[in-house]
Amino acid sequence: MIQFGVRHKGDLNMIKRLLVPLLLVCNINIVFADNVHSDITIKLHETSSNLKQHLDHESIVDSIYEQIRPRAKVTNNELSTKIIDEKVRKYIVEKYSPALIGNYEHLYLKLKSAKKDFSNCDDLKPINPNDDVLMTLCVIVKVDDIHVIYMTNGYSRGWKKTLDFIFTQTEKNLSLSSIELQMGDGVQAYVEGI
């Protein structure tokens, strides 16, 4: 506990003069942080409402490839490494990437139709609190990018990160640039044809 010893009325006035500017600076920083977050939320809504125009396909495929290729379950030992690499990339382009992007679009539409907003990841609010498996999209703003994290809570077992959609800032908008999968240790990825 901090106690101030006030000997004279002048000391009390001096303390007030010191504390008032400090409190003003704190309030200005809080308002500024809220404005930055609301600006990003507005951009996320604009981007998410028309996601197909705000995709960096090549970067998304690369990000998924880096996660899937080392975990791809290979059952055909006659295939060369080059052929396996090509088949994995093709499968990601045709199956994984569209499915994950579609998943984001579906979740965003659920959020929008429920008239909810993105959650703060420190204070998660489910899209529909009556579902058996609770879900939400929450936002973490980092220096270089914005993470929209798909969180689930199945049968009250606690919130778990399911997918991480990473948006980067372009001139005026945001662009979905990578997707991080949440694959447990030792989990292998299925890729058709290998």
Side-chain angles (χ1 to χ4, degrees), residues 23 26-57 59-61 63-64 66-68 71 91-92 94-170 172-190:
L23 291 173
C26 290
N27 284 336
I28 288 170
N29 285 337
I30 290 167
V31 169
F32 179 71
D34 285 346
N35 286 341
V36 168
H37 187 55
S38 67
D39 287 347
I40 287 170
T41 301
I42 290 167
K43 286 182 180 180
L44 274 172
H45 281 295
E46 290 169 357
T47 300
S48 300
S49 293
N50 199 0
L51 191 62
K52 290 198 185 340
Q53 291 186 351
H54 301 283
L55 298 173
D56 183 344
H57 285 284
S59 180
I60 292 168
V61 168
S63 72
I64 298 168
E66 289 171 13
Q67 298 167 74
I68 295 293
R71 294 171 175 255
Y91 196 72
I92 289 168
E94 293 176 359
K95 303 286 183 176
Y96 271 100
S97 179
L100 294 171
I101 292 166
N103 193 3
Y104 180 85
E105 290 174 316
H106 175 73
L107 291 165
Y108 179 72
L109 286 175
K110 277 187 135 188
L111 185 80
K112 193 173 174 181
S113 67
K115 295 182 170 72
K116 301 277 180 135
D117 209 341
F118 297 98
S119 285
N120 176 331
C121 289
D122 295 328
D123 183 24
L124 298 172
K125 298 197 175 14
I127 294 171
N128 183 354
N130 298 320
D131 286 344
D132 289 333
V133 177
L134 301 177
M135 61 184 76
T136 192
L137 293 174
C138 71
V139 177
I140 295 176
V141 179
K142 298 196 176 182
V143 176
D144 296 328
D145 47 36
I146 294 104
H147 292 244
V148 177
I149 302 171
Y150 172 35
M151 300 288 292
T152 57
N153 182 349
Y155 304 98
S156 301
R157 292 186 185 139
W159 288 101
K160 290 173 73 175
K161 188 183 206 182
T162 304
L163 290 167
D164 187 352
F165 300 92
I166 301 168
F167 292 81
T168 52
Q169 184 81 32
T170 60
K172 295 181 182 178
N173 295 318
L174 299 173
S175 175
L176 179 59
S177 57
S178 64
I179 301 171
E180 288 183 12
L181 311 171
Q182 304 303 309
M183 298 174 75
D185 291 337
V187 173
Q188 291 187 313
Y190 171 79

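A donor-acceptor contact shorter than 3.5 Å is absent between the side chain of S48 and the backbone of H45. Side-chain N or O atoms of N120 include none that pairs as donor or acceptor with a backbone N or O of L124 at under 3.5 Å. No donor-acceptor pair under 3.5 Å is formed between the side chain of S59 and the backbone N or O of S178. Listed for the S49 side chain is no donor-acceptor partner under 3.5 Å among the backbone atoms of E46.
Distance check: I140 CD1 to I149 CD1 gives 3.5 Å after rounding to the nearest 0.5 Å. The line from OH of Y190 to NZ of K95 is 9.0 Å long, rounded to the nearest 0.5 Å. Once rounded to the nearest 0.5 Å, the distance linking CD of E66 with CD of E180 reads 10.0 Å. Taking NZ of K43 as the reference point, atom CG of L174 lies at 6.0 Å (rounded to 0.5 Å). Atom-to-atom distance recorded for L163:CG and L107:CG is 8.0 Å, nearest 0.5 angstrom. For the atom pair D144 CG and S177 OG, the distance stands at 10.5 Å (nearest 0.5 Å).
Of all heavy-atom pairs between N103 and Y150, the closest is ND2-CE2, 4.3 Å. What you find for H54 and N50 is that their closest heavy atoms are CD2-O, 3.1 Å. Closest approach of S175 to D56, counting heavy atoms only: OG-N, 3.7 Å. Scanning all heavy atoms of the two residues, the minimum distance from P126 to K116 falls at O-NZ, 3.4 Å. Considering every non-hydrogen atom in both T152 and T162, the closest pair reads OG1-OG1, 3.0 Å. Of all heavy-atom pairs between D164 and H147, the closest is OD2-ND1, 2.8 Å.
Counting heavy atoms from C-beta outward, L134 and W159 have side chains that approach closer than 4.5 Å. Within the 4.5 Å cutoff, no side-chain heavy atoms of M151 are placed close to those of M135. Residues L100 and L181 have side chains in contact (heavy-atom distance under 4.5 Å, counting atoms from C-beta outward). The closest side-chain heavy-atom distance from T41 to V139 is not below 4.5 Å. Side chains of L176 and T47 form no contact here, defined as non-hydrogen atoms less than 4.5 Å apart.
By the side-chain hydrogen bond (donor to acceptor under 3.5 Å, both in side chains) test, N173 pairs with no residue at all, sequence neighbours left out.
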Original post:
Given F167 and Y104, is the ring pair (Phe, Tyr, Trp, His ring centres under 6.0 Å) satisfied, shown in steps?
Top reply: CA-CA 12 Å; F167 292 81; Y104 180 85; 5.6 Å; yes

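When ring centroids are compared, Y91 and Y96 come within the 6.0 Å threshold.
K125 has a carboxylate O that lies under 4.0 Å from a charged side-chain N of D123, or vice versa, which qualifies the two as a salt bridge.
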